[in-house]
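We number each residue from 1, following the sequence as shown. Bear in mind the structure is a predicted one, so any value in this text is a computation, not a measurement.
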Amino acid sequence: MQAELIDIRNHMAQYPPFDEMAEALLDKVVGGIEVVYFKAGTQILGVGDQNNWLYYVRTGAVEIYRRSGELYNRIGEGEMFGQFGLLMNKRVRFPAKALEDTLLYKIPGETFQFLWESDDNFADFVEIEDRSRLRSALSRREKSNELMTAKVTRLISRPPVSAPSTVRLQEAARIMTDNGVSALLLMDEEGERPLLRGIITDRDLRTRALTEALPSETPISDIMSKDLITIPSSMFIFEAMLTMLHNNVHHLPVMDRDDVRGVIALSDIVKYESQSSLYLVSNIYHQQNVKGLKKVSLDVRDSFVRMVNEDANSHMIGSAMAGIGRSFTQRLLELGEEQLGPPPVPYCFMALGSMARDEQLVVTDQDNAMILDDCFVPEEHDGYFLALAKYVSDGLAQCGYTYCTGDIMATNQKWRQPLRVWKDYFADWIDNPKAQALLNSNIFFDLDGIHGETGFAEQLKTLVANKASNSPRFLAMLARNALNRTPPIGFFRTFVLEEDGKHQKTFNLKRRGTAPLSDLIRVHALACGSRAQNSFERLKAIGNTKLLLDDDLGNLRDALEFISIVRIRHQALAIEAGREPDNNVRPEDLSPFERSHLKDAFQVVSNAQKFLRFRYNTQATRNV
């Protein structure tokens, strides 16, 4: 092959769909290519023109228009146009003009037809538009991971073993031994079907019966776990894993409506979940001091990297890492209470930000606060809670969760207040949405009670959901604030990079990618009165209200997933290379696939921000 053709083939092999094309097939494509050049401003294709070529951009930029004259898209190096006409009647549907001096490769229509008929990947690629292409890429990735596609029923190997809740301790242990199970469901006949009352596990027998030397005739109802967390039989294995992580439980009854289908255990999931984040959480709760927790924390990054390498999605990784961080915090609170004694008044320890949203990664700091019972008296009680907050904060720092530079921690007295004060805070931020109030809203309206009287946190969630949805001025100001961080994509679909400083020639995938998305999703969710915290769950809630069209919701979901997973991969690669992970990415370090689809995803963010500006009339707030 001539040197010029080798150069063409090597260039095309970097970009989809040619990057996955068989070498012999790509050679056939390259052999029939014609090279053409267009000066900036030159019309390449006019609407209705006869066209028998697929165009590939080698250098330059091309604008694609609708027949109405409205700009439809801008494409650059490695992208194609002309396929829609070739798929229809070989008439141009979308006219094209050279925006810059542009070098194009022309692929004959006959070659296009052959590829379309013989290469499924090529056919899929040219039949769908950019945002659909992004969705297709994510779909193929998820299908490769059994955690994402297998239902929990696959883990059920036998019918549930049960006994009445009136059974005695010794008899319950005998039933479990005879049946070789680690969990026994306690069920009572009531009406037409048995009613699930509770569960007893091997762990319960050890910690609640043997260590307390309870008599063998003790009613099992005295030690069984009530208010069970269950999962529906339609749930996927990865969702069951996240439920275990979030609630620190080792057994989950699987329900088919009101009937118990079976019980799955932690050990069942570990067969599929080789990254062992569940074992890591279990190990955290076995540690007896901060030194032990610090040692366990060394495994967190390994767990993160294994999840990435096994193609877990961003929701699963973010939830698992948040579950690990939540577990460190909960265990530190337990150890702190052992040292300081029981709390003088009830309290709730709140996680904020990415941990509350179940979107935490390995580059993270502490964001937390305390809600105290309204009977709290500072002079009498605050010494205890300050000491507890400091114990937890210092412990988290030793475990790799750095101190918050903005001092959003329970060690700050402002964020260690009675419930009534928190309610006043939240109401004031919504009623008087000034700059600091909006910043606080972005931080504190992502909240999760993780220890103590978690009902206090639920009350705040309810207050926000009810009050914010009925405050159009607050929503408009919050929406305007959400427009301050824009995606790093320029007019010509090129990446906008940092111009100076230590992160020169990079863009930040958190500050310019996932953060703008979570900000705008939060605004829509608050407008809908949703109590959801996770961005994907918020999108579901938004969909239920029809505030956004299904296609727009799908685009946002796909954009969030793709930007998140590129950010996650970037951090995992840094860890594997022995570097400190961060969020700053150089375009040349991305694969052509990632560069192409990041542009699609950033365009979704840009369009969503335009809708946000229109939907909440942010211009009207400028003089407020």
- Task: Before accepting this row, confirm whether a basic side-chain N of the pair Glu580/Arg301 lies closer than 4.0 Å to the acidic partner's carboxylate O.
- Result: yes
- Item | Within-4.5 Å side-chain heavy-atom neighbours: Phe562 and Asp600 | no
- Please name the pair of heavy atoms, one in Phe602 and one in Arg512, separated by the smallest distance, quoted to 0.1 Å. CE2-O, 4.2 Å
- Message: Using every non-hydrogen atom in the two residues, find where Pro587 and Leu497 come nearest and quote the distance to one decimal.
- Response: CG-CD2, 3.6 Å
- Item | Audit row: Leu361, Gln571, side-chain contact (heavy atoms from CB on, under 4.5 Å) steps and yes/no | CA-CA 9 Å; Leu361 302 184; Gln571 293 185 2; 3.6 Å; yes
- Are the side chain of Asp7 and the backbone of Glu4 linked by a donor-acceptor contact shorter than 3.5 Å? no
- Note on the structure: For Leu26 and Arg9, the nearest pair of non-hydrogen atoms, with its separation, is CD2-CG, 3.6 Å
- Task: Hey, can you tell me if His315 and Phe536 have their rings parallel, tilted or perpendicular (30° and 60° cut-offs)?
- Result: tilted
- Item | Leu54 and Leu115, any side-chain heavy atoms less than 4.5 Å apart | no
- Query: After noting the C-alpha distance and the side-chain angles of Phe474 and Leu438, does the key distance pass the side-chain contact (heavy atoms from CB on, under 4.5 Å) rule?
  - Reply: CA-CA 9 Å; Phe474 169 74; Leu438 293 170; 4.2 Å; yes
- Message: Testing the basics here: between Ile542 and Ala525, what is the closest heavy-atom pair and its distance to 0.1 Å?
- Response: CD1-N, 3.8 Å
- For Ser606, the side chain to side chain contact (heavy atoms under 4.5 Å, CB included) test, sequence neighbours excluded, returns Pro487, Gln603, Lys610
- Is any side-chain heavy atom of Asn555 less than 4.5 Å from a side-chain heavy atom of Asn607? no
- Lys461 atom NZ: more than 12 heavy-atom contacts under 6.0 Å: yes
- Query: Ring centres of Tyr616 and His524 under 6.0 Å apart?
  - Reply: yes
- Message: Taking the basic N atoms (NZ, or NE/NH1/NH2) and the acidic carboxylate oxygens, is any pair closer than 4.0 Å for Lys599 and Glu79?
- Response: no
- Message: How close do Leu547 and Cys528 get, counting heavy atoms only, and between which atoms?
- Response: CD1-SG, 3.7 Å
- Query: How about Glu359 and Ser518: does a side-chain donor come under 3.5 Å of a side-chain acceptor?
  - Reply: no
- Close side-chain approach of Leu478 to Asn442, heavy-atom, < 4.5 Å: yes
- Task: Could you pull out the closest heavy-atom pair between Ile568 and Ile317, with the gap in Å?
- Result: CG2-CD1, 3.9 Å
- Message: Ring-plane angle category for His11 and Tyr56, please: parallel below 30°, perpendicular beyond 60°, tilted otherwise.
- Response: perpendicular
- Kindly indicate, with the supporting measurements, whether the criterion side-chain contact (heavy atoms from CB on, under 4.5 Å) is fulfilled by Asp552 and Phe611. CA-CA 10 Å; Asp552 293 331; Phe611 176 77; over 6 Å; no
- Message: If we check side-chain contact (heavy atoms from CB on, under 4.5 Å) with Pro516, which of these qualifies: Lys510, Arg485, Arg511?
- Response: Arg485
